[in-house]
Engineer: 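Please see the structure below; I have some questions.
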Amino acid sequence: MIRLFISFYLILAACFVGFQLVGNALEKGYFKDLVNYDKANDYIGAFYFLNELHKNLDEPSFKKVVENFPKTSNIPIEIAELSNFSLPDEELSLLKKGDIYVEDSDMDILFYQLEGADLVVRIGPMQTYERLEEVSNWFNQVFFLVLGVSAFVWILSLQFKLKRLDNAASQFGEGDLNVRVSEKGRHKVGRLNHSFNVMADRIEKLIKGHKSLTNAVAHEIRTPVSRIRFQLDMMYEERGESQRKEYMYGMSDDLNELSDLVDELLTYARFDRQALVINMAGHSLHQSILNVINARHFQSDLRLLYDESWCAGEQSEHNLPFEPKYLERAIGNLVSNAKKYACSKIQIHVHNQFGRCAIYVDDDGPGILENQRQDIFQPFNRLDNSRTRATGGYGLGLAIVKQIALLHGGEVSVETAPLGGARFVFSWPTNHHAS
Amino acid sequence: MNKIILVEDDEKLSSLIKNYLQKYEFDVTVLGDGNLAVDAILSRQPDLVVLDLMLPGKDGLAICREIRSKYAGSILFLTASEDDMDHVAGVELGADDFNVKPIQPRVLLARIRMLLRRNEAQRVNTPIAQNRKEKTEHHKVLTFGTLSIQYSKRSVTLSGDTVTLTTGEFELLWLFANHAEETLSRDFIYKTLRGIEYDGMDRAIDTKVANLRKKLGDNASLSTRIITVRGQGYLFVPDSWGNG
């Protein structure tokens with residue numbers, strides 16, 4: 001705090017003094033002619049009067065006037081022969097021309113030669129009444145004190161605000177993720193408080209997400225592991241050959257399940273962590289969708305309808321920017337998901353309009369409740385929340401779709417399909433080709 | 001025959017547990033849906049309930065809360081969650097035991113028997129401690145299948161053959177044998193045998209257990225006689241010593 005104040009005060013004082021010095025230097029150097037011209041004009045009237053007096057009065061009366069010049073005047077006047085003043089030659093010629101010579105613009109010392117005479121008038125140096133001089137010196141010194149006190153008060157209030165922020169930041173750093181700073185006017189340091197809170201919100205969310213992901217992973221892995229453990233121990237105790245084989249096959253299934261889970265997790269992690277810029281070159285969306293449909297061997301009792309009419313027209317129409325490997329994975333996941341819940345049919349159609357392409361995957365299953373529509377894109381979040389195996393999967397498919405949508409700068413959402421079930425909409429902007 | 005209700009949504013695991021427990025003569029009923037559990041437990045009043053935490057319909061904690069006041073038997077949680085808060089909540093709601101998956105079947109069995117014995121003891125109003133006191137009388141001979149331990153002579157025989165043990169190993173085996181089917185922590189073993197507290201670093205007990213296993217024909221990686229319970233300690237299994 002003291003350090004902050006001292007450095008701030010020193011900088012202020014240095015600025016002030018430095019500015020003055022620079023001003024003085026300029027006055028003496030670069031702007032010297034201007035200043036001298038201005039100074040000469042200050043006194044040109046006085047010289048005019050003296051000149052006129054000298055012209056109109058005879059020698060003795062003029063002397064008398066000069067002698068009677070008030071002694072307390074702040075601007076003393078001296079009139080003498082030219083030779084009495086030791087002036088440089090250059091200036092002498094100036095005086096001879098009838099010009100005013102400014103010797104010292106700070107102290108106001110000027111010379112002027114009276115017309116038609118050898119007399120030279122010197123005005124200055126300018127003086128100030130001593131008591132006034134004292135007071136004004138005092139006043140100038142008080143300036144630095146006032147500057148110091150006001151800077152101190154200002155720094156004190158800033159320090160108070162910063163301290164609050166600092167406390168919050170260190171508490172946050174120690175792991176208390178609920179800490180937020182007040183955004184009231186008297187606690188605000190610019191936008192810093194707001195930015196801190198926004199940052200804290202995001203970090204808290206991130207860590208929470210990470211925690212729940214870790215928990216979910218632990219849970220998903222432990223279930224097959226505990227089955228394997230059980231079967232292994234039972235196999236060890238079992239004597240019957242056929243029963244032992246049964247346990248062996250069981251363990252093999254569980255190991256497969258584990259390795260599927262790990263694959264799925266790695267895929268998710270790849271899409272989750274990558275801040276990659278994907279290659280959004282033009283591809284045929286129609287072809288990609290056909291690839292997905294062909295890759296999924298369909299059960300005979302489910303009908304998959306793909307409305308191809310959207311790209312019936314021009315060839316260029318379905319040349320859209322996307323990454324085919326990723327997009328096919330996303331559509332594939334949506335179709336697999338629909339397959340799990342659909343009763344009899346799944347419909348896919350595409351809207352490509354106004355620089356935005358949307359793929360709709362509809363099913364006629366039970367649909368998804370309004371309040372669950374946000375959650376289903378979270379990893380490991382299945383609607384029944386029980387990790388039941390009945391519908392299969394690990395709850396990562398839709399999370400991956402969301403990641404892919406984000407990579408394309410688009411989004412995925414869910415609504416009610418005309419068929420009665422869920423409608424997933426995967427959409428992304430197509431107007432900015434390959435950036 | 002003791003009645004057990006197992007509430008577990010993983011079908012494969014629940015059928016494995018059911019088969020295993022049936023071999024040890026328990027009457028096991030499996031429920032896969034939390035919504036059905038409360039009514040089933042209250043109407044059947046089993047001796048013990050094994051509850052999973054995450055269940056479709058109603059979760060384990062909610063079930064525990066609803067049945068606890070109207071159900072006298074034991075409640076054992078079996079869950080994949082290692083969250084301390086779940087653990088605390090479970091115990092506060094009146095659960096008798098809390099186990100984390102994966103669990104070895106033998107350990108689960110020991111836990112279940114332990115809870116049933118405790119419940120039994122409470123019912124006939126004889127504290128378990130009293131039973132144990134009798135058992136630890138030193139002139140007694142303990143026999144488990146083909147294993148027989150005689151404290152006064154410090155002799156151990158397995159299938160008729162004498163097994164030579166050091167004093168420390170014998171003391172440890174005697175302690176295990178007197179606490180059959182209980183999970184003994186290293187801390188407890190240390191306090192009992194040496195009178196000093198376990199500092200978490202000393203591997204002396206692990207070495208002794210390894211020696212005991214070798215001499216008593218048990219396998220460290222797939223132990224059936226003295227089982228390592230992950231993160232908790234050791235468990236002596238009384239009925240895996242062959243028929244004597």
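To find a chain, count down the sequence lines: A is the first, B the second, and so on, and within it residues start at 1.
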Engineer: If we only count heavy atoms from C-beta on, is the A/Arg229 to B/Ile103 side-chain gap below 4.5 Å?
Structural biologist: no
Engineer: Are the charged groups of B/Arg106 and A/Asp233 less than 4.0 angstrom apart, N to O?
Structural biologist: no
Engineer: For B/Asp59, is it the side chain, the backbone, both, or neither that has a heavy atom closer than 4.5 Å to a heavy atom of chain A?
Structural biologist: neither
Engineer: Considering residues, nucleotides and ligands other than B/Gln22, do more than 12 of their heavy atoms fall under 6.0 Å from its CD?
Structural biologist: yes
Engineer: Does a side-chain heavy-atom distance below 4.5 Å link A/Asp254 with B/Lys12?
Structural biologist: yes
Engineer: Quick one, B/Asp10 with A/Arg227, criterion side chain to side chain contact (heavy atoms under 4.5 Å, CB included). Give me CA distance, side-chain angles, the key distance, then yes/no.
Structural biologist: CA-CA 9 Å; B/Asp10 188 281; A/Arg227 290 201 299 245; 2.5 Å; yes
Engineer: Which region of B/Leu108, side chain (C-beta onward) or backbone (N, CA, C, O), has a non-hydrogen atom less than 4.5 Å from a non-hydrogen atom of chain A, or is it both or neither?
Structural biologist: side chain
Engineer: Are any of the side-chain heavy atoms of A/Glu237 and B/Tyr20 separated by less than 4.5 Å?
Structural biologist: yes
Engineer: Kindly compute the distance separating CG (B/Asn19) from CZ (A/Phe230), expressed to the nearest 0.5 Å.
Structural biologist: 10.0 Å
Engineer: Okay, side chain of A/Arg222, backbone of B/Lys101: is any donor-acceptor separation there less than 3.5 Å?
Structural biologist: yes
Engineer: Taking side chain as everything from C-beta outward and backbone as N, CA, C, O, which of these in A/Glu238 sits under 4.5 Å from a heavy atom of chain B? Side chain, backbone, both or neither.
Structural biologist: side chain
Engineer: So for atom NZ, which belongs to A/Lys245, do other residues, nucleotides or ligands contribute more than 12 heavy atoms lying within a distance under 6.0 Å?
Structural biologist: no
Engineer: Could you tell me whether A/Glu246 atom CD has more than 12 heavy atoms of other residues or ligands within 6.0 Å of it?
Structural biologist: no
Engineer: With rounding to the nearest 0.5 angstrom, report the CG to OG distance, B/Leu13 to A/Ser226.
Structural biologist: 5.0 Å
